[in-house]
Amino acid sequence: MAQRTASILKNFVSGNPSHLRSCLRSITYMPRPGYNGSRPVTPITEEGRPRPVTLIPGDGIGPLVTGAVEQVMDTMRAPVSFEKFEVHGNMSGIPQEVMDSIKKNKVCLKGGLITPVGGGVSSLNVMLRKELDLFVSLVNCFNLPGLPTRHDKVDIVVIRENTEGEYSGLEHEVVPGVVESLKVITKFCSERIAKYAFEYAHLNNRKTVTAVHKANIMKLADGLFLESCREIAKKYPDIKYNEIIVDNCCMQLVSKPEQFDVMVTPNLYGNLVANTAAGIAGGTGVMPGGNVGTEYAIFEQGASAGNVGKPKMVEKKRANPVALLLSSAMMLRHLQLPEYADRLETAVKRVICEGKYRTKDLGGSNTTQEVVDAVISALES
C-alpha cells in the first residue's frame, strides 16, 4: 500500500501540473463587493469591441440566473459581450471549444454545474479550477440592508485554496472494501494562497487574517499550511494574524461571526466555512464569489450548497438571481468597470432593502423574472 501511495504522489508532482508552474506570474486581485477603489475604465478591446466573456449557463437554475445577468447587462449597456456554451455536470469533460473560449477571453461567468455523487464521473467544477489554475476561491459573506438574519455586522471574506487538499482526486481501492484517499498539501500552494489573503486584506483595508486548520490532528499536512501562513504573516506586520481549529471555527461562526474578517483556508475547510458563513448572512442565494488565478477568472454563485436548485424551483422559475448578479458585479470590477459594478450593486441592494420583490428563500414569493424586472427598474430610475 505504501508503494502504491508513493507512486501516486510521484505522478502528482513529477508531471509538473499547471498549478505549480505559475510562480513567476503576477496575481490578479479581486476587489470585494462594495470596494470603492477607483480604477481606469479600459474594458474595450483594441479593436473597439465590447469585452468578450465566456458564459456557461450550467444546470438546474443556472440558465435562469445567468439569463438574469444577461438582461441586466443589456439594460446597463455594459461593454461586455457573452460567448455562450452548453455545458452540463454529467459530461465526461469540458468541451475543447469551451476551454479555448475561456483561455482566449480570460474571464468566464457560469451557473452551477451538478456534480454526480459516486460513480466514475468527475466534478467539472474541479476540472476547471485545476486546468485553469484557479487557485483562489473568494466568497464574500455579508449582511444586506433590509434582509433579516440571525446575526448583524457580518462581513466575512473566505479565501480558499482551490487546487489541492482533499480535492486532489487521488483515490484508489487498496483491497475490496478498503479505499485510500490522499490529501495533498504543498508549501508552494499554501504560501501563494496565504500571500493572496494578506494582499487582499492590505488592498481592501481589512484588519485581520485568520487561518483555519486541523493541525492538532493532521500535524504534517495542516502543519505545513500553518507554517506557510505564519511565514507570510511576518511580511504584513500591520495586519493581525490569528489561527483557529476548523471545528471551533464553525462553532464560533454560528455564535459570534462578527469576530471574523478575512479567513484563509485549505480546500475542503473553505467549502464548509464559506457555506456556513453564507447561511448566517442571508443564505446561498445572496452570496457572490469568484475563482481566480494568475491568468483566468471564473465568477459564479459564492456558496456551493444548492447552487443548481431543486426541480420545483426550476419548474416554477423562482430561483434567486441575487448571488449571481452580485458575482457579475465582482466580474465587472475585475474587468476594470467599477462604475457599472457600483450601479448594479446599488440596484440589487435597493431591491432587497425595499423588500417588495424577493424569492421564497428570502421570505417572498416572487419569480426570478419579477426580481430581475425590479432590479432593471431600479437601474433605470
Side-chain angles (χ1 to χ4, degrees), residues 33 55-76 82 84 86-90 109-117 125 139-150 274-290 299-331 344-381:
L55 177 64
I56 300 175
D59 297 313
I61 66 171
L64 284 173
V65 293
T66 56
V69 173
E70 289 183 278
Q71 292 180 61
V72 168
M73 292 292 179
D74 184 62
T75 298
M76 293 195 299
F82 289 112
K84 190 185 299 188
E86 287 292 322
V87 180
H88 300 286
N90 57 4
L109 181 73
K110 81 179 214 23
L113 292 174
I114 191 169
T115 299
V117 177
N125 297 300
V139 180
N140 192 192
C141 302
F142 57 96
N143 294 119
L144 284 167
L147 182 63
T149 58
R150 294 180 181 271
N275 279 274
T276 303
I280 63 174
T284 59
V286 296
M287 298 301 143
F299 295 88
E300 58 187 327
Q301 182 172 314
S304 61
N307 66 347
V308 296
K310 297 179 180 179
K312 284 188 178 180
M313 184 187 299
V314 178
E315 181 183 343
K316 295 181 179 180
K317 299 182 178 180
R318 295 185 183 277
N320 190 345
V322 170
L324 199 66
L325 287 172
L326 293 176
S327 296
S328 67
M330 292 176 68
M331 180 190 75
L344 175 52
E345 259 186 15
T346 300
V348 171
K349 290 179 178 179
R350 177 178 170 183
V351 170
I352 294 295
C353 187
E354 290 176 350
K356 296 179 181 179
Y357 297 94
R358 293 180 181 176
T359 48
K360 185 177 180 181
D361 59 313
L362 301 185
S365 60
N366 296 104
T367 64
T368 305
Q369 190 59 52
E370 287 171 339
V371 174
V372 174
D373 290 342
V375 173
I376 290 174
S377 178
L379 283 168
E380 293 176 336
S381 62

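Quick note: numbers below take in every heavy atom, side chains included, and nothing from hydrogens, waters or symmetry partners. Computed from a predicted structure; not experimentally measured.
In this structure, S377 contributes its side chain and A374 its backbone to no donor-acceptor pair below 3.5 Å.
Applying the salt bridge (charged side-chain N to carboxylate O under 4.0 Å, His left out) test to pairs two or more places apart or on separate chains, none has a residue in residues 370-381.
Take A274 and apply the side chain to side chain contact (heavy atoms under 4.5 Å, CB included) test, not counting sequence neighbours, and it matches V139, V158. By the side chain to side chain contact (heavy atoms under 4.5 Å, CB included) test, A323 is found to be paired with Q301, residues two or more places apart in sequence or in another chain being considered. Under the salt bridge (Lys or Arg N to Asp or Glu O under 4.0 Å) criterion, E354 pairs with R350, not counting sequence neighbours. Not counting sequence neighbours, the partners of D361 by the side-chain hydrogen bond (donor to acceptor under 3.5 Å, both in side chains) test are N320, T359. Looking at residues two or more places apart in sequence or on another chain, you find a salt bridge (Lys or Arg N to Asp or Glu O under 4.0 Å) between K84 and E70. For the side chain to side chain contact (heavy atoms under 4.5 Å, CB included) test, residues two or more places apart in sequence or in another chain that qualify with R358 are L147, P148, I352, L362. Under the side chain to side chain contact (heavy atoms under 4.5 Å, CB included) criterion, K316 pairs with R318, not counting sequence neighbours. Looking at residues two or more places apart in sequence or on another chain, you find no side-chain hydrogen bond (donor to acceptor under 3.5 Å, both in side chains) involving K317. Annotation: side-chain hydrogen bond (donor to acceptor under 3.5 Å, both in side chains) contacts of T149 (sequence neighbours excluded): N143.
No side-chain heavy atom of T75 sits less than 4.5 Å from a side-chain heavy atom of V375.
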